[in-house]
Student: 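Here it is: the structure, laid out below.
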Amino acid sequence: MSEKPPSYSGPSRVFSGIQPSGALHLGNYLGALKKFVALQEDHDCIYCVVDLHAITQPQDPALLADQTREIAAAFLACGLHPKNSILYAQSSVRAHTELAWYFNCVARMGWVERMTQFKDKSGKDAERASVGLFDYPVLQAADILVYKGTHVPVGEDQKQHLELSRDIADKFNRDFNAPGFFPLPEPLIEGPGARIMSLKDGTKKMSKSDPSDLSRINLIDDEETIHRKFKKARTDQHPIPVDVDGLEARPEVNNLVGIYAALAGVSKAAVLTEFEGKGFGVFKPALAELAAAHLAPITENMRRYLSDKAEIDRILQEGSERAKAIAEPVLADVRKLIGFHGA
Ligand code: TYM
């Protein structure tokens, strides 16, 4: 991890979040959760279930709280340590929405209009998308900066949002003559897990919203389902290539090799050395076995956590109190800098 920008002299702090909308998949695990857990070994980490982001698209009020608990259970099942790291639900810390409003007045329309994820999510009928969906990345900037987060582990799809967070932080610091007040948060995106693609189309990212369940491996898929999905994953007739150049025009193969590498914690080149010249009849079952071995204990742990909702609620509540204690003084300073009466 590189150094924080020289003008910011506060402590390093990792922040990231996951939406409670739909089942988590292998992309969320390899692009985010696996990294979150590794980072907590030597960093102060704050992780958030971003339910305010989830409601930018319709959610069933009867299910939202349980969806939040499920994501919290996934964090815990993957090894998040709630005594060290902070884990909480975004809506329980009002500071996010307050700072998001101030940032709405700092961010420029042109900056937000450039966000490709809004274009993807709103589809052809952007006029009918919620204002919240458009504003989503501004709230994301507030999430990070209300804790003065310096490092943000995310998948590659979030890169543009992180650039916006940096622009907002920088403009706030300039507008209010407060150099180094907010850090310019640095994205942590490296490694083969940062961009996991659909099993059906190697040019589309693996996503919760893909109508085909065969396009993704869900965190709660059982071993047989995992084998079946990898077996049906799109590939070609050629064997596994000798080197990474040989993956270039083969997006589906590149994706499967990347998944193997991310799961095993090795480089793609190392995977190719092991499997070069072999067919998919050999590679796919090996990949499925590796994925199942990784996911089985997580699924099992998730079930265990979900059987005790009160314990999850207690962890989220405690996390929320610890998060507020960090965010409130930052907001108090922000109010002073803006110049509000009584701040
Ligand atoms: P969300 O809930 O869509 O996804 C959670 C995390 O999973 C990563 N991810 C992937 N990584 C690799 N390959 C994929 N196919 C894949 N699909 C998803 C995402 O990049 C993300 O890291 N806007 C965020 C949530 C958020 C947030 C934040 C993140 C809200 N506030 C502040 C960081 C900091 C989102 O929608 O994630």
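Counting starts at 1 for both ligands and their atoms, in listed order. These values consider heavy atoms only, across backbone and side chains, with no hydrogens, waters or symmetry-generated copies.
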Student: Answer yes or no: is there an ion pair linking Asp210 with Arg216, defined by an N-O contact shorter than 4.0 Å?
Tutor: no

Student: List, one per line, each side-chain donor-acceptor pair under 3.5 Å for residues 332-343, sequence neighbours excluded.
Tutor:
residue: Arg335; atom: NE; partner: Glu98; partner atom: OE2; Å: 2.7
residue: Arg335; atom: NH2; partner: Glu98; partner atom: OE1; Å: 3.1
residue: Arg335; atom: NH2; partner: Glu98; partner atom: OE2; Å: 3.3

Student: Looking at Phe182, I'd like to know if the NZ or CZ of Lys171 sits under 6.0 Å from its six-membered ring centre while staying within 45 degrees of the ring's axis.
Tutor: no

Student: Which is it for Tyr260 and Phe275 under the ring pair (Phe, Tyr, Trp, His ring centres under 6.0 Å) test, yes or no, and what are the steps along the way?
Tutor: CA-CA 11 Å; Tyr260 195 105; Phe275 288 98; 5.2 Å; yes

Student: Write none if no such pair exists; otherwise list each N/O atom of ligand 1 with its protein N/O partner under 3.5 Å and the distance.
Tutor:
residue: ligand 1; atom: 2 (O); partner: Gln19; partner atom: N; Å: 2.9
residue: ligand 1; atom: 2 (O); partner: Lys208; partner atom: NZ; Å: 3.4
residue: ligand 1; atom: 4 (O); partner: Asn28; partner atom: ND2; Å: 3.4
residue: ligand 1; atom: 7 (O); partner: Asn28; partner atom: ND2; Å: 3.1
residue: ligand 1; atom: 11 (N); partner: Gly27; partner atom: O; Å: 3.1
residue: ligand 1; atom: 13 (N); partner: Ile196; partner atom: N; Å: 2.9
residue: ligand 1; atom: 15 (N); partner: Ile196; partner atom: O; Å: 2.7
residue: ligand 1; atom: 15 (N); partner: Met206; partner atom: O; Å: 3.0
residue: ligand 1; atom: 20 (O); partner: Gly155; partner atom: N; Å: 2.8
residue: ligand 1; atom: 20 (O); partner: Asp157; partner atom: OD1; Å: 2.4
residue: ligand 1; atom: 22 (O); partner: Gly155; partner atom: N; Å: 3.2
residue: ligand 1; atom: 23 (N); partner: Tyr136; partner atom: OH; Å: 2.8
residue: ligand 1; atom: 23 (N); partner: Gln140; partner atom: OE1; Å: 2.9
residue: ligand 1; atom: 23 (N); partner: Gln158; partner atom: OE1; Å: 3.1
residue: ligand 1; atom: 31 (N); partner: Asp143; partner atom: OD2; Å: 2.6
residue: ligand 1; atom: 36 (O); partner: Gln19; partner atom: NE2; Å: 3.1
residue: ligand 1; atom: 36 (O); partner: Tyr136; partner atom: OH; Å: 2.4

Student: Could Arg174 and Asp170 be called an ion pair, given the rule that one side-chain N must be under 4.0 Å from one carboxylate O?
Tutor: yes

Student: Are side-chain N/O atoms of Asp143 and Gln90 paired as donor and acceptor at under 3.5 Å?
Tutor: yes

